[in-house]
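The structure appears right after this line, and notes come after that.
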Amino acid sequence: RDAQESRGLGDVYKRQAGIGASGLSSQEEIMNDFFSNLTNPFRSLVAALEKRDEYTAGHDQRTKLIAVDIGEQCGLEAEELAILEIAASVHDIGKIGIPDRILLKAGRLDAEEWEVMKNHPEHGFRILSTVESPYASPVANVVRYHHEAFDGSGYPDGKRSEDIPVLSRIIALADCYDAMATSRPYRPGKPHSFIMKVIHEENEYKYDPYLRCLLYTSDAADDMQCVD
């Protein structure tokens with residue numbers, strides 16, 4: 001794409017992401033507002049998941065870095081970036097509802113276990129909807145749809161293309177990148193060049209094509225390399 005077309009697409013993505021939850025203007029103010037409204041039980045829930053599954057804690061933070069980098073390249077406003085950063089930070093909170101035998105399994109999940117794991121976005125949506133903040137609803141919705149696919153093959157609702165919130169599309173891409181870059185008990189982490197080949201060729205229709213181009217130039221993703 002030429003520079004003018006890319007800027008035009010960026011404006012489209014800014015309009016799609018428009019949240020308009022309040023008059024707060026600073027990204028930091030918005031994040032402080034959301035996290036200051038978390039109750040102690042909710043904080044304990046987040047801490048319990050991070051303690052229970054160390055991979056999830058590190059993965060959420062790495063996904064956040066990549067997602068925010070892509071969001072900034074899209075030209076998102078402070079409010080939209082704050083929603084994106086919060087949602088990416090807790091996008092796997094619903095895994096607290098997944099049994100240990102599945103969440104902590106050392107090998108690959110079988111078909112039945114995978115169906116259970118696919119419930120975690122909806123668990124996360126319900127958990128985040130209980131937070132008393134004007135940002136709870138947009139954050140919860142972004143988390144609910146972060147495993148939807150651009151070609152309609154995702155879950156939980158099989159949404160496709162622009163029916164998927166743009167912030168969810170960004171997290172889906174960042175989530176995929178870190179999942180491949182991170183070593184797991186059953187396979188080593190993959191290098192940047194390999195991941196980009198998979199995303200651009202093997203999974204060409206699963207992710208938003210414009211966002212895929214932004215991931216290719218993402219400094220956050222390029223700096224990640226393989227994570228042990």
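Bear in mind that the values here come from a model prediction, so they are computed numbers and not experimental data.
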Which of His59, His120, His123 passes ring-ring contact (aromatic ring centres under 6.0 Å, His included) with His91? Answer is His59
All side-chain hydrogen bond (donor to acceptor under 3.5 Å, both in side chains) counterparts of Glu112, not counting sequence neighbours | none
Taking all non-hydrogen atoms of both residues, which atom of Ile127 and which atom of Gly94 are closest, and how far apart?
-> CD1-CA, 4.4 Å
Would Phe125 end up clustered with Ile96 when hydrophobic side chains under 4.5 Å apart are linked, directly or stepwise?
-> no
Scan residues 147-158 for pairs that pass salt bridge (Lys or Arg N to Asp or Glu O under 4.0 Å), counting only residues two or more places apart or in two chains.
-> Arg144-Asp157
In short, Ala67 meets Ala88 closest at the heavy-atom pair CB-CB, 4.2 Å
Could you pull out all residues at least two apart from Lys95 that satisfy side-chain hydrogen bond (donor to acceptor under 3.5 Å, both in side chains)?
-> Asp92
Please lay out, stage by stage, how Ile199 and Lys206 fare under the test side-chain contact (heavy atoms from CB on, under 4.5 Å).
-> CA-CA 8 Å; Ile199 289 175; Lys206 188 173 181 179; over 6 Å; no
Looking at Asp175 and Thr63, what are the two nearest heavy atoms and their distance?
-> N-CG2, 3.7 Å
Between Val166 and Glu80, does a side-chain contact (heavy atoms from CB on, under 4.5 Å) hold up when you go through it step by step?
-> CA-CA 10 Å; Val166 65; Glu80 298 152 357; over 6 Å; no
Report whether Leu211 and Tyr205 are members of the same hydrophobic cluster (ILVMFWY, side-chain heavy atoms less than 4.5 Å apart, transitive linking).
-> no
In this structure, which one of Arg169, Lys159, Arg160 forms a side-chain contact (heavy atoms from CB on, under 4.5 Å) with Phe150?
-> Arg169
Looking only at non-hydrogen atoms, find the nearest pair between Pro138 and Ile83 and report the distance.
-> CG-CD1, 4.1 Å
